[in-house]
There are 2 protein chains.
Amino acid sequence: MSYKIKSRIWIESDNNVLLGEGRVHLLKAIQETGSLSKAAKSLNISYKKAWQLIDSVNKSAKKPVTINSIGGKGGGGAELTDYGLSLVNAFDDINKNCWEFLDQQLEKIKLL
Amino acid sequence: MSYKIKSRIWIESDNNVLLGEGRVHLLKAIQETGSLSKAAKSLNISYKKAWQLIDSVNKSAKKPVTINSIGGKGGGGAELTDYGLSLVNAFDDINKNCWEFLDQQLEKIKLL
DNA sequence: TACCGTTATGTTCATGCAAATATAACGAAT
DNA sequence: ATTCGTTATATTTGCATGAACATAACGGTA
């Protein structure tokens, strides 16, 4: 059994977490379902937790990441802003590159 | 206020954590003080927690990382093995490189 | 107006993790 | 044999995080 390197990266703004893997998953689910409650169900987390995460994201970000509407046709919904999309894409890109980087570094402990 | 990228890396062995930043700090403190209890004090963690960490490290590693002696002159002590030193150095190296790597990636969100 | 599905928010309960405390085991030195 | 400082281990207490449940607010539609 050989050693493995694991990693986690996240983006902070003023010492508050803005984006991590979980939040990005949630944002993608919102984009797919068009609603926060459906996104929460698809990720098997409570609506409340999902709402808290999105609230934290929007409070930490410089510009709104989602637009949430209450009431109306279908009861309301949520969707990503263009800015939110940019953040998600940037995070995904950086995260993927980080994996590749650590895959190279793995050589340094292969012999141990 | 600009966004920052934070990261954490750790080495796993068979789905058990072997080394992370905290464990590396502890191992270095052991090397400096020659004892687990002194190392725990210097890091402001309880002896029990320190012991559990070291126990986990030694159980996860392929070869012993520390040698702990009970009783005798001075009551006993703990020291790093050469293998432990290699692991610590490898972790530090990879971790430092990871910081530098992410510092480059930071450009991708500077504009956001 | 009544309904509907959603966002938004509060409250209680459980569960796991950390902290604190206590104590046993050990072996060299005196 | 006693002392000493350390490693090793168990038990309890407290706290923080999340799960579960309940409910209000909203605004289009019929």
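Naming convention: chains lettered A, B, ... in sequence-line order (proteins, then strands); numbering from 1 in each chain.
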* To do: Calculate the interatomic distance between I30(A) atom CD1 and dA8(C) atom P; express it in whole Å.
  => 10 Å
* To do: Rounded to the nearest angstrom, tell me the gap between atom NZ in K49(B) and atom C1' in dT7(D).
  => 19 Å
* Structure fact -> In whole angstroms, the gap separating C1' of dG18(D) from CH2 of W51(A) amounts to 16 Å
* Should the pair E12(B)-K6(A) be classified as a salt bridge under the 4.0 Å nitrogen-to-oxygen rule? -> yes
* To do: Please tell me which of the listed nucleotides, dT6(C), dA25(C), dT7(C), lies nearest to the side chain of K38(A)?
  => dT6(C)
* Asked: Within this structure, what is the NZ-to-C1' distance between K41(B) and dT7(D), rounded to whole angstrom?
  -> 13 Å
* Lys/Arg N to Asp/Glu carboxylate O, K28(A) vs D92(A), below 4.0 Å -> yes
* L36(A) or K73(B): which one's nearest nucleotide on DNA chain C is closer to the 5' end? -> L36(A)
* Check if the side chain of K48(A) and the base of dT11(C) share a donor-acceptor pair of N or O atoms closer than 3.5 Å. => yes
* To do: Take atom CG of N68(A) and atom P of dT9(C), then tell me their distance rounded to the nearest Å.
  => 11 Å
* Any side-chain N or O of S37(A) less than 4.0 Å from the OP1 or OP2 oxygen of dT7(C)? -> yes
* Within the structure shown, what part of the strands sits under 4.0 Å from S46(B) by heavy-atom distance: base, sugar-phosphate, or nothing? -> nothing
* Any chance you could pull the hydrophobic cluster mates of V17(A), using side-chain heavy atoms under 4.5 angstrom and chaining through other members? => W10(A)
* Thinking salt bridges, do E100(A) and K96(A) make one under a 4.0 Å N-O criterion? -> yes
* To do: Starting from P on dT9(C), measure out to CD1 on I54(A) and report it in whole angstrom.
  => 14 Å
* Tell me: NZ of K59(A) to P of dA8(C), nearest whole Å? -> 11 Å
* Return the value, rounded to whole Å, for the distance between atom CG of L53(A) and atom P of dT7(C). => 14 Å
* Closest-nucleotide ordering on DNA chain D, the 5'-leading residue of I45(A) and G75(A) -> I45(A)
* Asked: What do you reckon, is CG of D82(B) surrounded by more than 12 foreign heavy atoms closer than 6.0 Å?
  -> no
